[in-house]
2 protein chains.
Amino acid sequence: MTKPFDAAASIDKLLDVAAGLFRRKGFAATTVREIANAAGMLPGSLHYRYASKEALLVSLMERAIGRLTESVREAVASTRDPAERLRLALRAHLRVLLSDDDAVYVMLYDWRAVSNDTAREAIVRMRDTYEAFWDGLIYEAAGSGQIRPRIDLKLLRLFGFGAINWVAQWYEDHAGGRSPEQIADAFWAFMALGVFAEDRRPADEDGAFVALGGAAPPLEPVRR
Amino acid sequence: MTKPFDAAASIDKLLDVAAGLFRRKGFAATTVREIANAAGMLPGSLHYRYASKEALLVSLMERAIGRLTESVREAVASTRDPAERLRLALRAHLRVLLSDDDAVYVMLYDWRAVSNDTAREAIVRMRDTYEAFWDGLIYEAAGSGQIRPRIDLKLLRLFGFGAINWVAQWYEDHAGGRSPEQIADAFWAFMALGVFAEDRRPADEDGAFVALGGAAPPLEPVRR
DNA sequence: GCGTAGCTTGGTCGCGTGACCAAACCCTTT
DNA sequence: AAAGGGTTTGGTCACGCGACCAAGCTACGC
């Protein structure tokens, strides 16, 4: 029996290089030979660890969600202020997304590649749990009165995820030296205060909000 | 010589079904046989129109950018108010993204698949032009004083694109009967006014904006 | 220092792929 | 009615893919 440390490290290396290749070329366009080669092993050795290329992908995605969840939970634990918890969660999510580990990127964008139904459902369930955690954070902020009434909280999460997850598309080219934290904070400020100039806002802001197209839906309770 | 109308229609059909397949399965995982079959022709006939699968993809993406550009330009022409132009542009972009035509989706998300450098650069150039047009719209709104001073306009565009382009990921499952226009307007309202409750905002909002992480960069001039 | 579980080696196998083409087949123009 | 270009047909071809495995090789526990 080889040292367990080595085995774990070797699996980690494998997932790391696979994530990098999947991100750069896409899952379908990456061959197992490439992955094995980049990880410094022969294809047969890869096969020994993962029965199929797709099994490796699933493993990769599970790791991605695990790291996201862990990182966000940890970030959020340091305060009880709902708005601050949201801001810290945003930072943590973006930090993991933009880290050296490409697994989160792959999970977000190479999504359709998982053809096995069981595996797919397992990942969807993990994603749902993660998103429900976010809904909980948002719902708490709304419940404590920090969010404008009649805001559609589900839309808020979806827009937030979109803006933040999209950062991975442009960060390398357009970050301009900004850290993930700075970008998260900037988005936070945009979303929290809005970008309209003060003297151009409609006077009655709630009415104006609806007039501008703001959603006024029934507040669905959020499971946590 | 066959009627030109038929030829054009046949190309359109081809691009349509290819876009659908690329969106559902990804470019690399879709075979030319599948595309040809779905378009009601034999692989050889497809080859007659496009020398390679990638040439078809490039054609698809060019059409996507063309439709986006056309739609947004048209939408914006109806008013001179910069803020309103932005809102209408947002609507138009989202409308095309969520339309039956999957080409825009493919362009946004199956991006890495174009390996040919020349073709890739051509598409990048078209994308840049489109984004520069958006920067122009945003810059005008800022210039007319409708946007809070010291907002990083480039970040604003990037966040906006992220939130809106991400809608394609969830629209089918979570739209809840909302039209693309309603969703665009909701995002517009979020971004314009912010989601913080009035009585929870910091008093001096510009100072608070920076304190909350809002960017305060030099305003780069935007080419149009 | 032996046994054996854990892992690697160096290959094979059959399949589906993208690309390609010569011949047949229209349909329009003359 | 003949010509001829645009288009389709039905097939071929070489290649690289994912999967797989029997045999060999450690190195650790005993």
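Residue numbers begin at 1 in each chain, while the letters A, B, ... track the order of the sequences.
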(message) Just the rounded figure in Å: distance from P of D/dG16 to NZ of A/K25.
(response) 13 Å
(request) Write out all pairs satisfying side-chain hydrogen bond (donor to acceptor under 3.5 Å, both in side chains) with one or both partners inside residues 73-83 of chain B, taking only residues at least two apart or from two chains. (result) B/D81-B/Q146
(request) May I have the distance from A/N116 (atom CG) to D/dG18 (atom C1'), rounded to whole angstrom? (result) 16 Å
(request) Just say parallel, tilted or perpendicular for the rings of B/F161 and B/Y130, cut-offs at 30° and 60°. (result) tilted
(request) Could you grab the distance from atom CG of B/L68 to atom CH2 of B/W134, nearest 0.5 Å is fine? (result) 9.5 Å
(request) Can you sort out the partners of B/E34 under side chain to side chain donor-acceptor pair (under 3.5 Å), two or more places apart, ordered by chain and number? (result) B/K25
(request) Working to the nearest 0.5 Å, report the span between CZ of A/F22 and CG of A/D102. (result) 11.5 Å
(request) Could you state the atom-to-atom distance from CG of B/N37 to P of D/dG10 in whole Å? (result) 14 Å
(request) Produce a footprint string for nucleotides 8-24 of chain C: one letter per nucleotide, 5' end first; B if the base is under 4.0 Å from any protein heavy atom, S if only the sugar-phosphate is, - if neither. (result) BBB------BBSBB---
